[in-house]
Amino acid sequence: AADCIGCLTTKENLKRFMSSLPDIPTVLIAAQMDGYSSATFDNKSGIIGGLEYLIKKSGITRFGMLSGPPGNHDVDERVETFYEVMKKHGLEVSDKAFVETNLTTYSQKEAAQLLDQNPDIEAIFCINDSVALALYEVMKNRGMEPGRDIMVMGFDNSPGSAMVSPSLSTVDANAVELGKYTYQLIMKLLKGEKVGQETIPTRFIRRESFGSTFSKSEKGAGVYLNPDILDIHFNRVFYRYLSIEEKDRSRLRMKYIMLMNKLIDHINVGLE
C-alpha cells in the first residue's frame, strides 16, 4: 500500500523505497508506479456521478474542494476528475476554493479556511470521508448543516459516513473487494502469469448531505410503504453484502422483510 504508507512524502522518495525492497513478486494496492503491477479504484466514475447529480439535479454552480497532498495516485486522479467535471459544465473554481489537507480527520483548520474564503460556496467535494467528517465538525461549530447550508461529498464509504448525522454522500470504494482482487493478482504473479495495472469499479451513494433523499413524488406516492419492493430496499440498505452469495444472505433478507412488513402494517393502521 505504497501511497498510503508514503502519502506525505514525494514520488521520488517512494520510488527509492520500492527499489530497496527484495526482488520478490509485488502488487501495489491503491497505488500505481511504473514497473509494478497494481490494483486501484476507478476514482472517476463515482465522483462524476456525485458531482453531476449536484449540477443537474440540484442546480449547484459554486463548488469547492478539500484535497490532499499531490503525488498520491488517488489524490491526483480525484482532483483531475473534479476539474474535468467543472470544465465540462463551464464552471470555474477559483484558487481560494481549493485547499489541501493532510487527508485525516484533523483537517479542521483547512476546512475553516475554505469556508472563510468562500462564504457563498454551495457544495464541497472532500478527498475522502475523513476530511469530510472534519468539515462536518467545523460546520456544526458554526451552526451550519450539511445538506441544508452546503452540500458535502466524501469518498471511501467508510462506516462512519452512514452513521454520521446527516449521513454523508460518498463514493463506495469497497476496500474488501480491492483486497480480494489484489490477492488474486499476486497469486497470478506467483504462477508466472502476466499482470498489469487493474482498476476496481466505484459508485456514487446519495445520502442526506445532498439534501433530502426522498423526492416529492416518492413522499406523495407512499412508495416506501410498498411491501412489493422490499427486495429493492434490502439491496440499497445492505449493499455491502451484494458480493456475498445469495444463499449466505437469504436469512438476513428474510428477517429484514419480516420486520419491514410488520412496520408497514403498523404504520398503515395508524394512517387509517
Side-chain angles (χ1 to χ4, degrees), residues 45-47 49-54 56-60 105 123-126 128-130 132-137 139-140 143-178 180 200-272:
S45 57
I47 294 173
L51 295 178
E52 294 210 329
Y53 178 90
L54 289 175
K56 295 178 180 179
K57 300 286 187 180
S58 303
I60 300 295
T105 52
I124 299 174
F125 171 48
C126 301
N128 59 27
D129 290 350
S130 295
L133 295 179
L135 173 62
Y136 264 51
E137 183 179 336
M139 290 181 65
K140 181 180 179 181
M144 304 172 73
E145 182 177 304
R148 183 191 68 193
D149 302 294
I150 297 175
M151 307 299 174
V152 179
M153 176 178 169
F155 195 108
D156 287 334
N157 194 25
S158 61
S161 66
M163 297 173 64
V164 70
S165 181
S167 55
L168 175 64
S169 297
T170 186
V171 176
D172 182 27
N174 193 315
V176 173
E177 291 303 311
L178 185 62
K180 287 180 181 178
I200 306 298
T202 59
R203 66 188 183 103
F204 164 61
I205 299 177
R206 178 170 66 99
R207 295 194 180 119
E208 294 169 330
S209 67
F210 274 20
S212 174
T213 55
F214 296 90
S215 69
K216 290 181 180 179
S217 61
E218 287 173 337
K219 288 178 180 177
V223 65
Y224 287 93
L225 299 181
N226 185 349
D228 295 331
I229 57 173
L230 289 179
D231 271 339
I232 296 176
H233 298 320
F234 176 86
N235 291 334
R236 282 185 179 180
V237 174
F238 297 98
Y239 57 85
R240 290 185 183 275
Y241 291 83
L242 293 179
S243 60
I244 300 174
E245 291 186 18
E246 175 60 33
K247 63 181 178 63
D248 294 325
R249 64 175 188 268
S250 60
R251 187 164 175 264
L252 176 61
R253 183 188 297 272
M254 180 183 69
K255 287 184 176 294
Y256 170 81
I257 291 175
M258 289 174 60
L259 173 62
M260 290 304 297
N261 274 311
K262 288 182 179 179
L263 286 173
I264 290 171
D265 289 344
H266 178 73
I267 292 170
N268 285 335
V269 168
L271 293 176
E272 290 177 355

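Listed by chain and number, the residues in a salt bridge (charged side-chain N to carboxylate O under 4.0 Å, His left out) with Lys56 are Glu52 (sequence neighbours excluded). Every residue two or more places apart in sequence or in another chain that forms a ring pair (Phe, Tyr, Trp, His ring centres under 6.0 Å) with Phe204 is listed here: Phe210. Judged as a side chain to side chain contact (heavy atoms under 4.5 Å, CB included), and not counting sequence neighbours, the contacts of Asp129 are Asp156, Ser158, Ser161, Leu168, Thr170. Listed by chain and number, the residues in a side chain to side chain contact (heavy atoms under 4.5 Å, CB included) with Ser45 are Asp42, Thr202 (sequence neighbours excluded). For Ala134, the side chain to side chain contact (heavy atoms under 4.5 Å, CB included) partners are Ser107, Gln108, not counting sequence neighbours. Applying the side chain to side chain contact (heavy atoms under 4.5 Å, CB included) criterion to Ile200, with sequence neighbours excluded, gives Phe41, Leu178, Tyr181. Judged as a salt bridge (charged side-chain N to carboxylate O under 4.0 Å, His left out), and not counting sequence neighbours, Glu137 has no contacts.
Judged by distance alone, with hydrogens and angles left aside, the side-chain atoms of Ser169 form a donor-acceptor pair with the main-chain N or O of Arg207 at under 3.5 Å. Looking only at distances, a side-chain donor or acceptor of Tyr136 sits under 3.5 Å from a matching main-chain atom of Pro166. When atom types are taken as modelled, the side chain of Ser209 and the backbone of Pro146 share no donor-acceptor pair closer than 3.5 angstrom.
For the pair Tyr53/Ser58, a side-chain contact is recorded, criterion being any heavy-atom separation below 4.5 Å from C-beta on. The side-chain heavy atoms of Phe234 and Ile257, taken from C-beta on, include no pair separated by under 4.5 Å.
Pairing each heavy atom of Met139 with each of Ile150, the nearest pair is CE-CB, 3.9 Å. Between Ala132 and Gly154, the closest heavy-atom pair is CB-CA, 4.4 Å.
Sequence neighbours left out, not one pair with a member in residues 144-155 passes side chain to side chain donor-acceptor pair (under 3.5 Å).
The structure places CZ of Phe125 at 6.5 Å from CG of Leu51, a figure rounded to the nearest 0.5 Å. Remark: Met144 CE to Leu135 CG distance equals 8.5 Å, nearest 0.5 Å.
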